[in-house]
Each structure stands twice: as structure tokens, then as C-alpha cells.
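Remarks on the structure that follows.
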Amino acid sequence: MGRVTARRRVIRIRDGAVGARPDTLVTEEPMEIRLNGKPLAVTMRTPGDDFALAAGFLVSEGVLAGADEIANIVYCAGATDDGSNTYNVVDVRLAPGVPVPDITLERNVYTTSSCGLCGKASLDAVRTTARHALSDGPAPMRLEPALLASLPDRLREAQRVFDRTGGLHAAALFTADGELLDVREDVGRHNAVDKLVGRALQQGMLPLAGSVLLVSGRASFELAQKAVMAGIPVLAAVSAPSSLAVDLAAETGLTLVGFLRGASMNVYAGEQRIVLEETQPAAG
């Protein structure tokens with residue numbers, strides 16, 4: 001869409017010197033997701049890959065499992081009083097025969113760029129039923145810690161917009177051999193993952209067996225759930241996981257790695273997929 005960044009005037013103070021200059025910022029705009037014409041959710045996102053974002057969101061909500069379940073995805077014209085197309089309203093039309101979920105107030109969601117899904121009625125309402133089993137692929141996954149340690153630098157090198165703004169999260173998909181399959185950026189970490197999963201769905205790649213999802217921030221419950229819903233067996237994050245993310249990983253068989261920085265990392269669940277040469281005794 002060409003609206004990934006915006007320019008704004010800023011007062012810059014450096015070593016006591018004051019000056020005015022334009023600054024490049026990441027764009028944040030609302031996007032409404034409709035399902036068969038009915039409003040479903042509003043998310044604050046960085047414009048771009050909007051159709052993939054909508055598709056990935058519906059994968060995480062358990063609505064979609066394959067590209068053949070989508071009839072089409074379109075921007076909705078006439079979303080404003082003057083009838084213009086803002087490119088901020090996306091309608092996903094399901095293919096004939098695909099069941100339409102009951103969209104109630106409890107399932108209607110509002111998302112923000114910082115916290116993801118908000119206002120769910122309860123934890124049970126957040127949990128969705130996975131339509132893909134977690135699979136290592138044709139052979140059991142055995143990931144070397146050194147390979148995992150190399151992934152954050154590769155993700156950083158692929159973040160094109162971050163270099164210009166410093167204000168974007170990123171999510172990347174790797175093979176078990178460390179091959180970079182795709183990377184997406186967004187002002188919201190959950191949106192970056194949805195864009196990644198949505199693109200994979202559009203390309204007929206779901207479930208993403210034998211793959212590794214790397215996120216640039218923390219590993220929340222929501223991101224762990226998105227990995228499970230897409231059939232991704234390994235989630236790695238450069239920052240901390242939440243307690244619920246760890247619980248969900250243990251419950252579903254997801255391998256969860258946190259604090260992936262340099263040669264250091266913590267494995268919170270699914271350690272059978274990580275090559276552990278030595279086991280250090282617990283302190284105390």
C-alpha cells in the first residue's frame with residue numbers, strides 16, 4: 001500500500017544542541033476485519049500484507065485451515081461518509097460449504113498494536129481448537145543450539161523497515177536447517193505473526209510442519225497459540241515468555257525457547273527437539 005512509514009517533524013536534542021528535522025516513523029492505522037460482510041475485529045497495524053493479516057488472524061481464531069476455504073478477500077469501498085476506499089476495511093468471504101462461526105459479542109475482539117487480543121470473556125474463550133497437529137515433518141526435529149543462536153541476527157538483517165524507523169516488531173519462519181522462508185514486520189508483534197501465517201496459508205503451506213517461528217519480542221500466550229494453530233512445532237523469542245505461554249506449550253507439545261540472545265537461551269517446553277549435550281544440575 002506504500003503507507004508503511006510516515007514523516008513527522010521532531011525537535012532533536014543532542015549534547016545540548018537543539019534543532020528541528022523530519023523523522024521517519026512507522027505507520028499505525030486501524031484495520032477492520034469482516035467475515036462474510038459482518039464485522040469481526042479491529043486491529044491497529046502497519047499497512048501492508050493486509051489480506052495475509054486477515055487470513056492469518058482467521059487461522060489463529062480457528063476459522064481457516066487451508067487456502068481452499070477462502071472464496072476471496074477484498075477491500076471494502078464506501079467505508080467512509082464520502083464513499084471513498086480507505087484500504088482499512090478488509091472483508092474475507094468463505095468458500096461455499098465452509099461453516100461460518102457464530103460471531104457473538106464475546107467472540108468479537110478488539111486488538112491493539114501492543115497487547116494483541118483484548119476483552120475476551122475468559123481464558124476458555126481465548127483458547128481455540130487446533131485444526132492442525134504439531135508435526136516435526138518426515139523426521140524428528142533435532143535443533144542444534146548454535147543454529148537457534150544464529151537466527152536472531154538473520155532476522156535483524158532481513159528487517160528492512162526497522163532500519164528506517166526502529167519501531168517495528170518482526171516474525172520470521174525458518175526451516176529446521178535454518179533456511180529463511182519468510183519474514184514480516186508490523187507495529188504489532190501479533191500482526192507480524194498473522195501476516196506470516198496468512199501468507200503461508202495463501203501459498204498452500206499450512207500446516208507448517210518442521211518449521212521454526214522466531215519473534216523479535218516476548219512470547220505471549222497469544223503468539224504461542226498462533227504457532228499451534230498454524231501447526232508450527234517450535235517458537236523462539238528473543239525475550240521472555242509468559243507463564244500462560246509456557247503452560248500452553250507444555251499442554252500442546254510446542255517447543256518454546258525464550259531469551260534467545262547470542263549463545264544463550266532458555267528452553268521452557270518441548271526440549272526433545274533441542275540437542276542438549278549436557279544437563280547442568282539445578283542450583284540449590
Side-chain angles (χ1 to χ4, degrees), residues 49 52-53 55-57 59-61 64-65 116-117 128 130-137 141-145 147-159 168-186 188-203 205-242 244-246 248-261 265-274:
D49 293 313
L53 170 58
F57 174 81
V59 170
S60 69
E61 286 293 297
L64 296 175
L117 300 181
T128 49
R131 297 179 61 183
H132 298 298
L134 295 184
S135 171
D136 290 359
M141 291 182 72
R142 298 288 289 163
L143 299 173
E144 294 282 350
L147 184 145
L148 287 171
S150 71
L151 301 185
D153 285 343
R154 298 184 60 194
L155 170 61
R156 181 66 180 81
E157 292 170 359
Q159 284 190 260
L168 282 178
H169 290 285
L173 195 66
F174 294 89
T175 67
D177 296 326
E179 176 189 354
L180 177 62
L181 297 175
D182 197 5
V183 59
R184 296 293 105 188
E185 293 179 288
D186 197 275
R189 61 175 60 88
H190 62 290
N191 287 338
V193 173
D194 280 342
K195 289 179 178 181
L196 201 69
V197 171
R199 282 168 57 89
L201 178 135
Q202 291 172 326
Q203 296 165 7
M205 294 172 58
L206 292 189
L208 289 164
S211 61
V212 179
L213 173 63
L214 175 65
V215 294
S216 61
R218 59 186 173 84
S220 63
F221 171 90
E222 182 190 10
L223 295 191
Q225 177 176 264
K226 289 179 184 297
V228 171
M229 295 300 290
I232 300 172
V234 180
L235 170 62
V238 300
S239 191
S242 70
L244 278 179
V246 175
L248 179 65
E251 175 187 320
T252 59
L254 174 72
T255 295
L256 179 58
V257 177
F259 291 109
L260 182 57
R261 302 170 182 174
M265 65 197 74
N266 293 343
V267 182
Y268 293 89
E271 61 271 14
Q272 73 276 6
R273 296 190 180 96
I274 311 297

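Minimum interatomic distance between S242 and F221 (heavy atoms only, all atoms of both residues): OG-N, 3.4 Å. Looking at every heavy atom in both residues, A224 comes nearest to L235 through CA-CD2, 3.7 Å. Considering all non-hydrogen atoms of both residues, L260 and A236 come closest at CD2-CB, 3.9 Å.
Taking CZ of R189 as the reference point, atom CG of D194 lies at 13.0 Å (rounded to 0.5 Å). Taking CZ of F174 as the reference point, atom CG of L208 lies at 13.5 Å (rounded to 0.5 Å). To the nearest 0.5 Å, the span separating CG on D136 from CZ on R273 amounts to 4.5 Å. Taken to the nearest 0.5 Å, the NE2 atom of H190 stands 7.5 Å off from the CG atom of L53. Rounding to the nearest 0.5 Å places CD of E179 at 12.0 Å from OG of S211. Distance check: L148 CG to I274 CD1 gives 5.0 Å after rounding to the nearest 0.5 Å.
Taking the side chain as every heavy atom from C-beta outward, V212 and M141 approach each other to under 4.5 Å. Looking only at side-chain heavy atoms (C-beta outward), L151 and L155 stay at 4.5 Å or farther from each other. Side-chain contact between R261 and S239: present, with at least one pair of heavy atoms (C-beta onward) separated by less than 4.5 Å. Side-chain contact check for I232 versus L173: some heavy-atom pair is nearer than 4.5 Å.
A distance-only check finds a donor-acceptor pair linking the side chain of R142 to the backbone of Q272 [under 3.5 Å]. Looking only at distances, no side-chain donor or acceptor of T255 sits under 3.5 Å from a matching main-chain atom of V234. H132 places a side-chain N or O within donor-acceptor distance of the main-chain N or O of A65, the cut-off being under 3.5 Å. Using modelled atom types, no side-chain atom of R184 and backbone atom of V193 make a donor-acceptor pair closer than 3.5 Å. A donor-acceptor pair is defined here as one N or O able to donate and one able to accept, closer than 3.5 Å; no such pair exists between the side chain of D186 and the backbone of A192.
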